[in-house]
S.K.: 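Below is a structure I'd like to ask you about.
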Amino acid sequence: MKERLGILLEQALGSAFSAGHLRSETLPSIVLETPRIAAHGDYSTNIAMTMAAGQKTAPQAIAKIIIDHIDDSEHLISKTEIAGPGFINFFIAQNKWYEILKTVHDLGNAYGTSRIGVGKRVQVEFVSANPTGPLHVGHGRCAAVGDTLAAILKATGYEVEKEYYVNDSGRQIKTLGQSVLLRYREILGETIAFPADGYRGDYIKDLAQEVVANEGDRLQELSDGEAVGLCAKFAAQEILAGIRRDLEAFGVTFDEWFSEESLYDSAAVESVIQDLKNRDIIYEHDGALWFRTQDFGDEKDRVVVRTNGVTTYFASDIAYHKNKFERRFDRIIDIWGADHHGYVARVSASIEALGYDKDQCQIILVQLVNLLRDGKPVTMSTREGEFVTLKEVVDEVGRDASRFLFLLRHYDSPLDFDLGLAKKESNENPVYYVQYVHARISNIIRKAEEQGYKDIYWHEDFPGLIDLPEEIQLIKLMARYPEVVTQSALLMEPHRVAFYLRELAAAFHAYYHDRSKHKVVSDEARLSAARLYLVSAIRIIIRNGLSLMAVSAPENM
RNA sequence: GCGCCUGUAGCUCAGUUGGAUAGAGCAACGGACUUCUAAUCCGUAGGUCGCAGGUUCGAAUCCUGCCAGGCGUACCA
């Protein structure tokens, strides 16, 4: 609807230009919005005001010229008015709204999809937690945001690839191996001194137990280096498998699990460092190798290879992002926890230094999850083994409820996650409010079937039957769904879908509740058929929206 | 100190990329189930949009400066 009106406006501007009624200038971008207040029309544009300066004419006069040039041969518009300082308000002819209803039914699962991303490949990388311990709630938030954003981008036509970057190399993996080996020796009867920087969680002991079961005391005969290596490899694999399971239980899957180690195996890290050294972007200082990130907007230069010859995490990240660009994505989206924000400048500096367009790589920082238990903060540390895992939350609160909770917030704002409230919230969670709409409509449709309404179909009588203001209101709300999906994609803000669904659900519940006025299945066959058509359209949208979030749409509750 | 994010109703948060009279949920108070499911609905109350300037037809939104909170500021990841 908005699109069609936009086209009319564009044509009107064009014809006003060619008729010489407006001085020609570059076509301004037309912004149509749904006014907050119904009296301001169905759509409103500020175009006359934004053009006023360039035209050197009063906005009201420009508005009048534009309106005069609108060629509305389809009678889409029932009324236009110039209001306030120069808004043009459009009122859509009521009979045109029914076309939306038909569109929803015709498109079904595809209602809300668009083609703005067609032909473009985008990669979304998210979670990417080190395989040194299970995922915690913070990772869950990133997972929900990343997975839903990927689904939204897909719905707008992008070819989307979801990727998990596995940090299976470097010091933290070695520390993991050492921690497991120590617990292993402990089980075999040795007294050990556990180092301060070791991983202390119980899962380390479980892993050590498994090593004992698989290998017996064989590791005792190996050198420390070999034993640590074995333990590290085994532990990382096991933990990663667990991460994968937990994510699947949370409804998140990836197309690609990209190994950091593979960048070393293929010498990609080595060669990019060599390349940058040749170009004097990496230089030696105090025995270490430094990247001139400062020349590309970072606040200081960063170490790539330490004095002891070991590469930093940043080194493989340079090679990793180079690899991403080599895979020829049109867009690359990295989703990180906000605690990594210090990394943004250096990564985008490295992208620029390699000669790529840094704007092609967008980094979303998801604010941290503050974990509370009955109002009191719970400290989380993987190393100390004190944390609440994603699995625990999913098991306790449920996948639907926890996903919805994470998505009911802009990723920019920190989230307090209270475990004491989580259980309670699983009953009061807004997700049930939305799902309940789906269950209620499903129930209506079941009941209708029992009474002989076999099919849900359109009939040209319907406009006369569905004409209450609240019914038109519902259709107008349905018309907005595709705009919401498009906006979420453009702004990369998945929470918009969740908020929209809540709004649609509220409108439906209110409508549904007044049974005396709005009963769907009644004695009047034609009215019933018409209302069935209306509410089943709502069900389609609820289902589509929930499916973007990978939240289930139950038939019964 | 410097950098990033945030400050909107008692609490948790939206706010259509600068629009017209700032909105939900929870909590509080008062109502609605012989009806297609009350996990629901209706109503009341609740606001100097952190503070102060600036930009303009117009600011919660943009700019500057303060104040407060979170995170970061490693040859850790």
S.K.: Which whole-number value in Å describes the distance from A/Arg36 CZ to B/A14 C1'?
M.R.: 11 Å
S.K.: Quick check on ring-ring contact (aromatic ring centres under 6.0 Å, His included): which of A/Trp257, A/Tyr320, A/Trp336 does A/Tyr165 satisfy it with?
M.R.: A/Tyr320
S.K.: To the nearest Å, give me how far apart CG (A/Asn89) and P (B/A20) are.
M.R.: 12 Å
S.K.: Suppose we define a pair by two distances each less than 3.5 Å, Watson-Crick or G-U wobble; what does B/C41 pair with here?
M.R.: B/G31
S.K.: Using a 5.5 Å cut-off between ring centres and planes within 30 degrees, is A/Phe87 stacked on the base of B/A20?
M.R.: yes
S.K.: Find the distance A/Met51:CE to B/U56:C1' and express it as a whole number of Å.
M.R.: 19 Å
S.K.: Within this structure, what is the CE-to-P distance between A/Met49 and B/G58, rounded to whole angstrom?
M.R.: 12 Å
S.K.: Can the ring centres of A/Phe462 and A/Tyr533 be said to be less than 6.0 Å apart?
M.R.: yes
S.K.: Here's a test of your reading of the structure: between A/Gly84 and A/Arg440, which maps to the more 5' nucleotide of RNA chain B?
M.R.: A/Gly84
S.K.: If you assign each of A/Ala83 and A/Tyr433 to its closest nucleotide in RNA chain B, which residue comes earlier from the 5' end?
M.R.: A/Ala83
S.K.: Examine A/Tyr283 together with A/Phe291 and report whether their ring centres are nearer than 6.0 Å.
M.R.: no
S.K.: Would A/His40 pass as stacked on B/A20, i.e. its ring centre under 5.5 Å from the base's six-membered ring centre and planes under 30° apart?
M.R.: yes
S.K.: Can you confirm whether A/Val535 sits close enough to A/Phe508 that some side-chain heavy atom of one is under 4.5 Å from a side-chain heavy atom of the other?
M.R.: yes
S.K.: Side chain of A/His341 only, please: which of B/C71, B/A20, B/C5 is the nearest?
M.R.: B/C71
